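These figures come from a predicted structure and were not determined experimentally. We're numbering straight along the sequence, starting at 1.
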Amino acid sequence: MLPRRAELLVLLVVAVLSGVAAWLLPHHTTPGLVGRYWDSRDWTGTPVVERLGAVPRTADLQRALPRLAVDGGSAEWSGFLLVDTPGPVRLEIASDDGAWLWLDDALVVDNGGEHGVQTAGADLELTAGAHPVRVRYFQGAGDFALQVFLTRPGGRRRLVEADQLAPSAEVAALGDRRRWVRGAAVAVPVIWAVLLLYLPVRVIGAWMWREVRRLAPDARERSGLVLMLVLATALMVWGLDWGIGDAWAADELSPGYVRDLIAHHGAGGWYDKYPILHYLVLALPVGAFELADRVGLLSADASASFFAQLASMRAVSVVTGLGAVTAIFLCAAELIGSRRAVLATLPLVLTPLFLYYGKIANLDVPSLCW
């Protein structure tokens, strides 16, 4: 471990360099489209949500209008489709209820059929460059689905991804710089999230390890715990990305709930089913992305930002899971001695329920740790 002064110097250098990078990077480079969402079924009135970095698909609708299946609603996405290689393509929409796609201001795909998932498509010849695109969708009520596909001759049928879309002409004009600029725009708030988490993890971790050394002064007795922590880390990190963009885990917290707490300062109308303590912990990494949004570096609602925020929230579960394993070791060392205490951690580390919740952003593992 680095000496404390060297450690602080490294943290300071990283913080300064990431801040300089945020200042130098072009702003508002979010990939995806501008998404607008209405609680009406005919795009009337003021959108209840509007955000950058949206992609027309089911997961996007679930995040923006969580009650869409119950109450119905409508959505529209607009921006540019980025074509790097000219030639023939096939654009398709698979949707439940009506969906339409305009390209270069012309309606090219009309999937406005009856209720029930169906597909409509069109074969087009596209030139290289940015093509204005607009997608509309409405849902009466009940099950909903939306996917947009782009297929080239002889290629696989693939979903249109955020990197193939731009919300504005300025973003589309970045050209070959798009990928590295977007990557850097995500990397900076990720670094900030790590820095914000580092201090509390460092302080609490150092305190717990002092307790471990007190109860297990022999390094050989601590080696078993170290191996168990390595095993637990590997098992919890494996699969951390499962369903990260598809609302896969039941009751998993969304970054939007945490950002809502930040916006309300934890009061003034904010509430949820989980206690506030866990939200305050999660506000550390998510706050980094909120800051990136406010300085114009990366929209906090963009798909890439959403995935990174959720990954950081899941990382909190991994860290608190390691804290729970260490706490069990300490309890067992008090009861039966440090030599056999490592055996007490084994049932927890190999419990499927612990490993499942150790890799998603639910409250279960953090509450076990506390």
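Under the 3.5 Å distance criterion, with hydrogens and angles disregarded, no donor-acceptor pair is assigned to the side chains of Thr58 and Gln62.
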Problem set entry | Val258 vs Gln309, side chain to side chain contact (heavy atoms under 4.5 Å, CB included): CA-CA, chis, key distance, verdict | CA-CA 10 Å; Val258 182; Gln309 289 173 67; over 6 Å; no
Exercise. Which is it for Leu126 and Leu81 under the side chain to side chain contact (heavy atoms under 4.5 Å, CB included) test, yes or no, and what are the steps along the way?
Worked result: CA-CA 10 Å; Leu126 297 183; Leu81 175 66; 4.3 Å; yes
Exercise. How far apart are the C-alpha atoms of Arg314 and Glu252, what are their side-chain angles, what is the distance that settles it, and do they pass the side chain to side chain contact (heavy atoms under 4.5 Å, CB included) test?
Worked result: CA-CA 10 Å; Arg314 290 181 172 188; Glu252 183 170 29; 2.8 Å; yes
For this session: Begin from the C-alpha positions of Leu368 and Leu348 and carry the test side chain to side chain contact (heavy atoms under 4.5 Å, CB included) through to its verdict.
Result: CA-CA 11 Å; Leu368 179 65; Leu348 179 66; 4.0 Å; yes
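Residue Arg213 places its CZ atom among 12 or fewer non-hydrogen atoms of other residues, nucleotides or ligands, all under 6.0 Å distant. For OH of Tyr257, the number of neighbouring non-hydrogen atoms (other residues, nucleotides, ligands) closer than 6.0 Å is 12 at most. Residue Asp218 qualifies as enclosed at atom CG: its count of foreign heavy atoms under 6.0 Å is above 12.
Between the Arg136 side chain and the Ala75 main chain, no donor and acceptor come within less than 3.5 Å of each other. Between the side chain of Asp104 and the main chain of Ala106, no donor-acceptor pair closer than 3.5 Å is present.
Side-chain contact between Asn362 and Leu253 is absent, with no heavy-atom pair separated by less than 4.5 Å. Side-chain contact between Gln118 and Asn111 is present, with heavy atoms from C-beta onward closer than 4.5 Å. Using a 4.5 Å heavy-atom cutoff, the side chains of Pro275 and Leu363 are in contact. A 4.5 Å side-chain heavy-atom check between Leu261 and Leu282 finds every atom pair outside the cut-off. Under the 4.5 Å side-chain criterion, counting only non-hydrogen atoms from C-beta, Tyr137 is in contact with Ser95. Proximity of Val14 to Leu17: side-chain heavy atoms (C-beta onward) are nowhere separated by under 4.5 Å. Taking 4.5 Å as the limit, some side-chain heavy atom of Trp370 sits within range of a side-chain heavy atom of Val281. Counting heavy atoms from C-beta outward, Trp100 and Arg134 have side chains that stay 4.5 Å or more apart.
In terms of the side-chain hydrogen bond (donor to acceptor under 3.5 Å, both in side chains) criterion, Ser254 has no residue partners (sequence neighbours excluded).
Relative ring orientation between Phe138 and Trp43 is described as perpendicular, the plane-to-plane angle rising above 60° on a 0-90° scale split at 30° and 60°.
Counting all heavy atoms, side chain and backbone alike, Ala130 lies closest to Pro132 at O-CD, 4.0 Å. The two residues Ala332 and Ala344 have their closest heavy-atom pair at CB-CB, 3.5 Å. Pairing each heavy atom of Leu52 with each of Pro167, the nearest pair is CD2-CB, 3.7 Å. Between Asp42 and Ser74, the shortest heavy-atom contact is N-OG, 3.8 Å. The two residues Gly321 and Phe354 come nearest to each other via the heavy atoms O-CZ, 3.7 Å. The heavy-atom pair separating Ser78 from Leu33 by the smallest distance is O-CB, 3.4 Å.
In the hydrophobic cluster analysis, where Ile, Leu, Val, Met, Phe, Trp and Tyr join through side-chain heavy atoms closer than 4.5 angstrom, Val319 is grouped apart from Tyr279. Both Tyr356 and Leu235 belong to a single network of hydrophobic side chains, linked directly or stepwise wherever heavy atoms of I, L, V, M, F, W or Y lie under 4.5 Å apart. Cluster membership for Leu229 and Leu330, using ILVMFWY side-chain heavy atoms within less than 4.5 angstrom, is shared. In this structure, Leu199 is not a member of the same hydrophobic cluster as Met208, with clusters built from ILVMFWY side-chain heavy atoms closer than 4.5 Å. Under a hydrophobic clustering in which Ile, Leu, Val, Met, Phe, Trp and Tyr are joined whenever their side-chain heavy atoms come within less than 4.5 Å, directly or via other members, Leu350 and Val325 fall into the same cluster.
Note that CE of Met228 is 11.0 Å distant from CD1 of Ile328, once rounded to the nearest 0.5 Å. Between Arg152 atom CZ and Arg158 atom CZ the span is 12.0 Å, to the nearest 0.5 Å. Here OG1 of Thr119 is found 9.5 Å from CD1 of Ile93. Values are rounded to the nearest 0.5 Å. Between the CG atom in Asp71 and the CD atom in Gln139 there is a gap of 11.0 Å [rounded to 0.5 Å]. For the atom pair Arg157 CZ and Leu159 CG, the distance stands at 8.0 Å (nearest 0.5 Å). Considering NE2 of His278 and OG of Ser317, their distance stands at 5.5 Å, rounded to 0.5 Å.
Applying the salt bridge (Lys or Arg N to Asp or Glu O under 4.0 Å) test to pairs two or more places apart or on separate chains, those with a residue in residues 118-131 are Arg90-Asp123.
Applying side chain to side chain contact (heavy atoms under 4.5 Å, CB included) to Trp77 and the options Val55, Leu146, Val133 leaves one that passes, Leu146. Applying side chain to side chain contact (heavy atoms under 4.5 Å, CB included) to Leu101 and the options Asp110, Val108, Leu107 leaves one that passes, Val108.
In summary, Asp60 and Arg51 engage in a salt bridge, as defined by a charged side-chain N under 4.0 Å from a carboxylate O. Glu161 has a carboxylate O that lies under 4.0 Å from a charged side-chain N of Arg57, or vice versa, which qualifies the two as a salt bridge.
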